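All remarks here apply to the structure that follows.
Atoms considered below: every heavy atom in the structure, side chains included; atoms not considered: hydrogens, waters and symmetry mates. Proteins get letters first, then strands, A, B, ... in listed order; numbering begins at 1 in each. As the structure is a prediction and not an experimental result, all values here were calculated from the model.
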There are 2 protein chains.
Amino acid sequence: MAIPEVVIERLPEYARVLSQFESRGREVVSSQEIGDALRRPGRTSAAQVRKDLSYFGRFGKQGRGYNVRKLLEELRRILGLNRQWRMALVGTGRLGMAILGYEGFEPQGFRIIHAFDSDPAMAGNDAGGLRVHSTDEIEEVLAKSPVDIGIVAVPAEMAQGVIDRLVQCGIRAILNYAPITARVPEGVELKPIDPVLHLQSMTYHLKARAGSFG
Amino acid sequence: MAIPEVVIERLPEYARVLSQFESRGREVVSSQEIGDALRRPGRTSAAQVRKDLSYFGRFGKQGRGYNVRKLLEELRRILGLNRQWRMALVGTGRLGMAILGYEGFEPQGFRIIHAFDSDPAMAGNDAGGLRVHSTDEIEEVLAKSPVDIGIVAVPAEMAQGVIDRLVQCGIRAILNYAPITARVPEGVELKPIDPVLHLQSMTYHLKARAGSFG
DNA sequence: CCTTGTGAAGTTCTTCACAGCA
DNA sequence: TGCTGTGAAGAACTTCACAAGG
């Protein structure tokens with residue numbers, strides 16, 4: 001039974017709302033409550049939560065619901081979140097430095113352990129506690145000290161080349177902040193982060209709406 | 001005929017690859033070429049490009065393909081990209097400052113014209129050329145000088161409250177960088193930007209794969 | 001000959017609805 | 001009674017495949 005990718009992508013959201021329930025002291029929740037926390041209440045989604053979870057096992061108790069702590073633990077196990085993941089950042093310009101400084105990664109177990117930049121003036125500098133390596137050294141550094149995930153924050157023109165090299169180094173998961181539609185071989189995960197694409201699809205709806213400012 | 005949201009979300013990607021074709025001097029492209037630029041070549045997608053475009057009109061010439069310049073112009077018109085869009089940023093911490101400094105918005109017609117922060121020590125400061133207002137002043141400032149889009153970069157605990165207030169001010173599109181699943185009323189667009197969720201779904205695949213580092 | 005535009009077919013994803021169990 | 005787990009039904013999306021037109 002192949003598990004749809006959309007299901008995988010919802011699991012971290014379930015985990016996040018379960019953390020919230022946990023921190024509010026809830027011990028048991030129903031699929032309905034999880035669904036309501038994620039979507040506009042009223043829209044179904046409770047069935048979706050149950051079906052999604054059913055791909056991986058039977059975690060609930062009929063008549064009661066799900067034990068928050070236990071389900072959260074299961075999700076973390078399924079997603080592989082019970083360990084540290086090592087990441088390498090390529091590109092230490094404005095965007096790259098912001099990524100280095102982002103406090104949201106570490107608490108979730110994601111740590112940037114290498115930083116690279118193609119600008120020779122950058123190399124050797126200290127970037128948020130990391131020494132910046134030249135991009136030329138990617139292969140060498142990653143061979144000595146491998147990482148699980150690559151983060152690409154270089155200009156558009158260089159992004160595909162950098163991605164190809166990371167893949168060549170054995171990296172199987174890449175977070176791409178460059179505004180290009182990148183390509184990776186079968187078996188490599190690539191997730192684009194591009195706020196502009198989101199803005200550009202929102203404007204479609206704004207434009208259509210009467211009374212928009214303008 | 002209702003146009004599926006997935007289709008809307010692909011249009012900006014089409015526009016982006018068309019820009020690339022244009023800057024390389026291409027005058028005409030086929031749906032096949034557009035598709036190949038977006039997906040792993042071989043996988044169909046050419047039919048998808050044609051069908052997506054067909055929701056909005058007939059832009060191609062049989063036997064030839066699409067005129068790059070003309071199709072790009074049409075897409076920009078459809079998406080409402082032929083104008084400036086004004087945005088307000090709430091939250092000028094590390095993340096907010098990085099967003100203010102991001103060079104990718106302006107060239108695409110998106111300009112941040114207001115910045116807000118709840119920290120009184122921040123208020124009045126200069127943030128990338130903008131005076132930082134107190135969060136208390138959101139209503140007042142937006143009434144005098146409205147924006148089309150809100151960007152939320154406040155801590156998780158405050159995010160839903162800020163979003164509610166922006167909606168109250170008449171904002172109909174919000175880019176949310178806070179790590180929560182926020183809720184907005186019907187008719188308001190909300191796009192989450194959360195790299196951690198993407199990392200957490202990628203680890204699912206990494207974990208499953210043999211020979212992962214760790 | 002080449003490529004669009006599009007009904008129809010096929011596939012994937014979501015929701016329903018209910019048996020089964022606490 | 002209340003809620004899960006899940007086949008079956010339904011909706012949404014994608015791909016096929018071909019008529020039509022340059």
SB check Arg77(B) Glu74(B) (cutoff 4.0 Å) = yes

Specify the separation, in whole Å, of atom CD of Glu74(A) and atom P of dG5(D).
-> 11 Å

Separation of dG22(D) C1' from Tyr66(B) OH (nearest whole Å) = 14 Å

Just how far, in rounded Å, is P of dC3(D) from CD of Gln32(A)?
-> 9 Å

Ion pair check, Glu106(B) and Arg111(B), cut-off under 4.0 Å | yes

For the side chain of Gln62(B) and the base of dT4(C), is some donor closer than 3.5 Å to an acceptor across the two?
-> yes

Atom pair distance, as rounded to whole Å: CZ in Phe59(A) and P in dG5(D) | 8 Å

Atom pair distance, as rounded to whole Å: CZ in Arg50(B) and P in dC16(D) = 10 Å

Tell me: NZ of Lys51(A) to C1' of dC18(C), nearest whole Å?
-> 13 Å

Counting side-chain heavy atoms from C-beta on, which of dT14(D), dA17(C), dC3(D) comes nearest to Ser30(A)?
-> dC3(D)

Does Ile149(A) reach the side chain of Arg172(A), with side-chain heavy atoms less than 4.5 Å apart?
-> no

Beyond-backbone contact of Pro179(B) with Val196(B), side-chain heavy atoms, under 4.5 angstrom = no

Nearest-Å distance for atom pair CD/P, residues Gln48(B) and dT11(C) = 16 Å

